[in-house]
Amino acid sequence: MNAARTRQGQKAIKGAIGIGLFFLAWQIGSSLSGVGSYFFPQPGDVFRAFVELWHKGILEAYLLDSLGRYFAGVGLGLLVGLIAALCLGLNKFIARMFTPLVSFFYAIVESAWLPIFVIWFGYGITTILTLLVYVVAFPILYNTLAGIRAFPPTYINAAKSLGGSRLQIITNVILPGLLPNIITGFRVGAGFAFRGLIIAEAIAATSGIGFLIFDGAANQQTDRTIVGMIVMGVLWLVIELFYLKPFEKATIHRWGLVVSAEGRET
Amino acid sequence: MMTSKAARLFLPMIPFAAILALWFIAPSIFPIPAYKLPTPQLVWEQFAATLSDGSLLKHVLASLERLALGFVIGNALAIPLGIAIGLNKHVSDLCMPLLTFLQSIAGIAWIPLAVLWFGIGNGAIVFVIANIIFFANLHNAVIGVEAVPESYRRAVRSLGASSTQTLFNVIVPGAMVQLLIGLRSSVAFGWRALIGAELIAGTTGLGYMTLDAVQWYQTETVILGMIIVGILWLVLDHAVFKTIENRTVIRWGLVRSD
C-alpha cells in the first residue's frame, strides 16, 4: 500500500517534470527563434492574455457558453440516439434493414454536415446543437444495431422458455444486454462532439472556446489562440474525468456488464 | 436459401430508396426553396458536370493525398515513440501526463497555429492531420507494448538475443494487434479532422469544396460533397482496412472475426 503510494507520488513528480520541460523548451524555443510574439508567443505572453481575458470576464462567459452548448447537445444527442435505437432496434429484421443506411450516415462526418446546416439554420446555436446531436446520436445508434445483430438468441429463448413475456424480455434481457453497446457509442459520440463543438464554434458562433481559438488568430492575437487551446485541453480532461468516467462507472462497472459483454464474445 | 440471401441484399435498399423518394417529392409537397434543398437531379447533374471537367477528382485526390501524407508522418513518429514509452517506465512517467494533455487538444484546434506557421493550404492541413493521427496511434502503441509479458522479453534475452532481435521478434509482433487497431482508428480520426481542417484552411479538397459552395448557395455541390465524403469513408474503411485486418490479424488467429 505504502509502496504503491510512493510509486504514485514518483509518477506525479516525473509527470510534472515532463510538463515543466515542455514549458522550458517552449520558452527557450520562442525566445531563441526571435520571430516575434505574433508568430510564436512565449509562455509569458499567453499567461498575460489568460489573465486579461479572465479579468474582462470574456473567458468565463466563453467557457459557460461552450459548456452549455456541449451538455445540451450531448444530452439531446443521447436522447435522440436512444429513441432511434429503440425504434430501429427491437427487431433483428429492422436492424438488418437499416444498418447500411445508418453506416452511411455515420460515415458522413460532422464537418461535412456543417455547410448544409449553415444553409438550413444560419450561423448560430441551432446549427451547433444540430451538429452535436447528429454526432452523438449516430455512434449510439450504430453500436446498438451492431449489438442487436450479434445478440445471442439463446438468451432470448432461455427467457422465453422460462415464461418471460415480450415486454419482460425487452426490459430484462435485451436492454441490459445492449447497455454496453449504448454506452460505448455514447463515449465515442461524446468525444467526437467535443471536437465537433470546437469546429462548429469556429464557423458558426461568436462566442465560446472554439471561437476564441479561431478569432484570436484572425485578429493576430496568437496568444489568445493558445489560451483557447489550453483551456480546451483542460476542459476536455475535466469532462472526461468528472463526467464520462463516473458515467461509465455508474453503469457498466456497477452492474458488472463488462464481464457479460466480454463473455459473449468468446 | 437463395431467397433469404437475395432478401438480405435487397432489404437494406428499402430505406435508401425511401429517402431518395422522399427527397424527390419533398419540393412539390413542402415549400422548400431550391437553394435549401436542391432536387436529386440537380445533384446528379452537378456530379456529372464536375466529374467531366475533372474538378471533383481534383478535390478528392487532394483530400486523399493529405490523409495519406498525414497518416505516414503521424504513424512514423507515433509508433517508435509509443514503443519507447511502452518499454521504459521512466520515459512513460515523464511523457504520459504531457502527452495526455496534448492529445486532448490534438487536431482541429491547431489549425490557426498551423496556418500561421505553414500558410493556408496543404502544409497546415497535413500538420493538423499528422498531429491527430500521431496522438490517436501513440496510445495504442504504448498499450500494445505494455501488454507483451515481461517474461517473454526476459526469456529471449536469457537465450542470448540482442536488444534489436528482442524488439523485432518479440515486442513488435506482440504489439502488432494493437498497432493495427491503432492504424485503423487513427485514420478515422484523421479523416474527421481532414474534412474539418479543409473547411477552414483548405484551398482544395472535399471540405473546401462544400463550404466554398455555401457562399454561392450552390447547395447541390454541398450535398454532392457530403455523399462523396460518406462513400469514400466506407470504401476506405471496408475495402482497405477491413481487408488488411482480415489478411493479417484475423488470419494469424490473433483475434476472432465476427
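In the text below, chain A, chain B and the rest are named by the order of the sequence lines, each starting its count at 1. Values reported hereafter were calculated over all heavy atoms of this structure, with side chains retained and with hydrogens, waters and symmetry mates removed.
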Which atoms of [X] come close to chain A, meaning under 4.5 Å heavy atom to heavy atom: side chain ones, backbone ones, both, or neither?
{"X": "Ile108(B)", "answer": "both"}
{"X": "Val222(B)", "answer": "side chain"}
{"X": "Phe10(B)", "answer": "neither"}
{"X": "Ile200(B)", "answer": "side chain"}
{"X": "Glu198(B)", "answer": "neither"}
{"X": "Leu194(B)", "answer": "neither"}
{"X": "Ile132(B)", "answer": "side chain"}
{"X": "Ile231(B)", "answer": "both"}
{"X": "Ile195(B)", "answer": "both"}
{"X": "Met96(B)", "answer": "neither"}
{"X": "Thr100(B)", "answer": "both"}

What do you reckon, is CH2 of Trp44(B) surrounded by more than 12 foreign heavy atoms closer than 6.0 Å?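 Atom CH2 in Trp44(B) is not crowded, with 12 or fewer foreign heavy atoms closer than 6.0 Å.
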What do you reckon, is CZ of Phe118(B) surrounded by more than 12 foreign heavy atoms closer than 6.0 Å?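 Counting neighbours around CZ of Phe118(B), more than 12 heavy atoms of other residues, nucleotides or ligands fall under 6.0 Å, so yes.
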Any donor and acceptor pair, going by atom type alone, linking the side chain of Arg195(A) with main-chain N or O of Ala106(B) inside 3.5 Å?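 Side chain of Arg195(A) to backbone of Ala106(B): a pair is present.
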Checking Trp233(B) side chain against Ile108(A) main chain: does a donor-acceptor pair fall under 3.5 Å?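 No, Trp233(B) side chain to Ile108(A) backbone: no donor-acceptor pair under 3.5 Å.
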